[in-house]
There are 2 protein chains.
Amino acid sequence: MSLRHAVLGLLADRSGSGYDLLRTFQSSLANVWPATQSQLYTELNRLADAGLVAVTAEGPRGRKEYAITDAGRTELHHWLLEVEPERQRRSESLLRVFFLDQVTPEQGRTYLEREGRAAAAAHQGMRELAERIDADPDPLAVYGRLALEWGLRFTRMQQEWAQWAAEQITERGPQPQVRPPGH
Amino acid sequence: MSLRHAVLGLLADRSGSGYDLLRTFQSSLANVWPATQSQLYTELNRLADAGLVAVTAEGPRGRKEYAITDAGRTELHHWLLEVEPERQRRSESLLRVFFLDQVTPEQGRTYLEREGRAAAAAHQGMRELAERIDADPDPLAVYGRLALEWGLRFTRMQQEWAQWAAEQITERGPQPQVRPPGH
DNA sequence: CTGTACATGTAATACGTTACATGATTCA
DNA sequence: TGAATCATGTAACGTATTACATGTACAG
């Protein structure tokens with residue numbers, strides 16, 4: 001049920017319409033909590049019904065400006081500080097790794113190398129974003145910058161791991177020679 | 001739709017009942033693709049309807065032993081090699097980071113330190129698992145060992161990042177001093 | 001003979017994705 | 001005046017979670 005809190009969190013920073021929120025979701029939040037247009041509008045109506053946000057103004061083209069209410073802020077703080085985060089994550093890429101014994105070592109290595117390249121590309125995109133942000137810092141996005149740093153470290157780790165894993169798969173057989181580096 | 005392929009992948013290694021699969025999901029696959037008992041039994045019936053698996057034996061207590069079919073193996077290979085993995089992931093922990101400007105720096109630091117400890121604990125658990133596996137290697141789980149190495153690197157990165165991020169939040173104000181280490 | 005583990009299934013509910021559907025404003 | 005953007009909403013479908021529901025076999 002975190003979409004609810006994502007919306008609340010954005011509206012806590014500044015009021016806005018569903019359309020405004022949608023753009024934020026597609027840019028800064030896309031990598032941590034993707035959401036569709038459909039989901040957003042539905043959730044805003046639900047939040048309004050629950051009294052956690054309220055329509056504060058109506059503009060042209062039926063635009064509704066939403067603002068967080070006191071009850072909404074209370075709920076947001078409660079969630080941030082008292083609700084244990086759900087740390088478990090699904091990873092389709094990693095699920096596939098478990099089943100790589102079903103294909104030839106060559107195909108397995110190809111898969112891992114592709115993953116490595118994807119990670120490197122993602123890393124590069126984030127580096128560019130980080131440079132743009134650092135050159136022209138948005139004071140509202142300071143914590144977003146912490147999240148971006150996470151992304152940089154994550155993609156780097158991912159890339160290094162994929163390279164290492166691909167190397168484990170030798171041509172001598174389907175059994176990779178698992179000998180992790182010392183740590 | 002990856003649950004389908006997760007089941008297929010497990011049955012490709014060895015045949016088994018829904019109950020057998022459930023235990024595998026709760027142990028080795030729990031960290032990459034969680035699934036519930038309810039989901040598994042439903043999926044097995046769907047897979048059997050689609051002809052990708054088949055009941056090869058019936059045992060005591062209504063036990064049904066499932067095996068992958070040729071069509072199932074074809075589908076598994078197709079998925080592994082030709083379907084682009086969904087790399088986008090949701091992270092509730094990271095979502096919260098975006099909204100840490102809503103609480104005091106102290107509370108923000110506390111949150112990050114807690115995340116760091118959680119990562120360290122997860123890392124420790126994985127280390128122990130890795131030691132057990134390396135001492136008594138299961139030839140069927142060699143690729144699982146690659147995934148475990150991913151987990152070790154991930155939790156370490158997570159822990160280091162959380163510590164770094166907590167340090168960014170000084171007592172002088174809500175703005176963390178973002179100065180990422182050189183890379 | 002009793003508790004634990006084995007074993008399977010369905011129903012209700014919630015959440016997410018895709019597609020459909022509509023219309024107003026602005027800018028070139 | 002036509003295209004792009006702004007702006008909101010609903011319906012259908014698929015997937016995931018939780019709870020309910022039931023029964024068998026085996027070990028101590």
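Residue numbers start from 1 in every chain, and the chains themselves are labelled A, B, ... in the order their sequence lines are given, proteins ahead of strands.
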query = Relative to the 5' end of DNA chain C, which residue comes earlier, A:Thr36 or B:Thr42, by the nucleotide with the nearest heavy atom?
reply = B:Thr42
Distance in angstrom units between B:Glu43 CD and D:dT17 C1', rounded = 15 Å
message = I want to check one thing: is the phosphate of C:dG9, taken as OP1 and OP2, less than 4.0 Å away from some side-chain N or O of B:Arg63?
response = no
inquiry  = How many whole angstroms separate atom CZ of A:Arg89 from atom C1' of D:dA16?
reply    = 18 Å
message = Quiz question: going by heavy-atom distance under 3.5 Å, is there a donor-acceptor pair between the base of C:dT18 and the side chain of A:Ser38?
response = yes
Overall bend - the helix from C:dC1-D:dG28 to C:dA28-D:dT1, comparing terminal axes fitted on five pairs, nearest 10 degrees = 20°
query = Contact class for B:Arg90 (heavy atom, under 4.0 Å): base, sugar-phosphate, or nothing?
reply = sugar-phosphate
inquiry  = Which heavy atom of A:Leu76 sits nearest to which heavy atom of A:Leu8, and what is that distance?
reply    = CD2-O, 4.1 Å
Protein-nucleotide distance (B:Gln37, atom CD; C:dC6, atom P), rounded to Å = 14 Å
query = Is any side-chain nitrogen or oxygen of A:Gln39 closer than 4.0 Å to OP1 or OP2 of C:dT17?
reply = yes
query = Could you give the CZ-to-C1' distance, from B:Arg46 to C:dG9, as a whole number of Å?
reply = 14 Å
query = Is any side-chain N or O of B:Tyr41 closer than 4.0 Å to OP1 or OP2 of C:dG9?
reply = no
key: Within one Ile-Leu-Val-Met-Phe-Trp-Tyr cluster: B:Leu29 and B:Tyr19, side-chain cutoff 4.5 Å   = no
request  = Please report, rounded to the nearest Å, how far the C1' atom of D:dT17 is from the CH2 atom of B:Trp33.
outcome  = 15 Å
query = Between B:Trp79 and B:His5, what is the ring plane arrangement, given parallel below 30°, perpendicular above 60°, and tilted in between?
reply = parallel
task = Would you check if there is a donor-acceptor pair between the side chains of B:Trp164 and B:Gln168 at a distance under 3.5 Å?
result = yes
request  = Nearest-nucleotide wise, let me know which of B:Asn45 and A:Ala35 is further upstream toward the 5' end of DNA chain C.
outcome  = B:Asn45
query = For the pair made of OH in B:Tyr19 and P in D:dA25, what is the distance, rounded to whole Å?
reply = 15 Å
message = Whether the B:Ser2 and A:Glu92 side chains hold a donor-acceptor pair (N or O, under 3.5 Å, no angle test) is what I'd like checked.
response = yes
message = Pairing donors with acceptors under 3.5 angstrom, does anything connect the side chains of A:Ser93 and B:Arg87?
response = no
ask   = Going by atom types alone, do B:Gln163 and B:Gln159 pair a side-chain donor with an acceptor below 3.5 Å?
value = yes
ask   = Less than 4.5 Å apart, any side-chain heavy atom of B:Leu44 and any of B:Leu11?
value = yes
remark   = B:Asp20 CG to C:dC6 P, in whole Å, measures 9 Å
query = For atom CG of B:Asp70, is the number of surrounding heavy atoms from other residues, nucleotides or ligands below 6.0 Å larger than 12?
reply = no
task = Taking atom types as modelled, find out whether A:Glu65 and A:Ser15 have a side-chain donor-acceptor pair closer than 3.5 angstrom.
result = no
Sequence-aligned protein contact record of nucleotides 22-28 of chain C, with B where the base is within under 4.0 Å of a protein heavy atom and S where only the sugar-phosphate is = --BB---
query = What is the distance, rounded to the nearest whole Å, between atom CE of A:Met1 and atom P of C:dT13?
reply = 17 Å
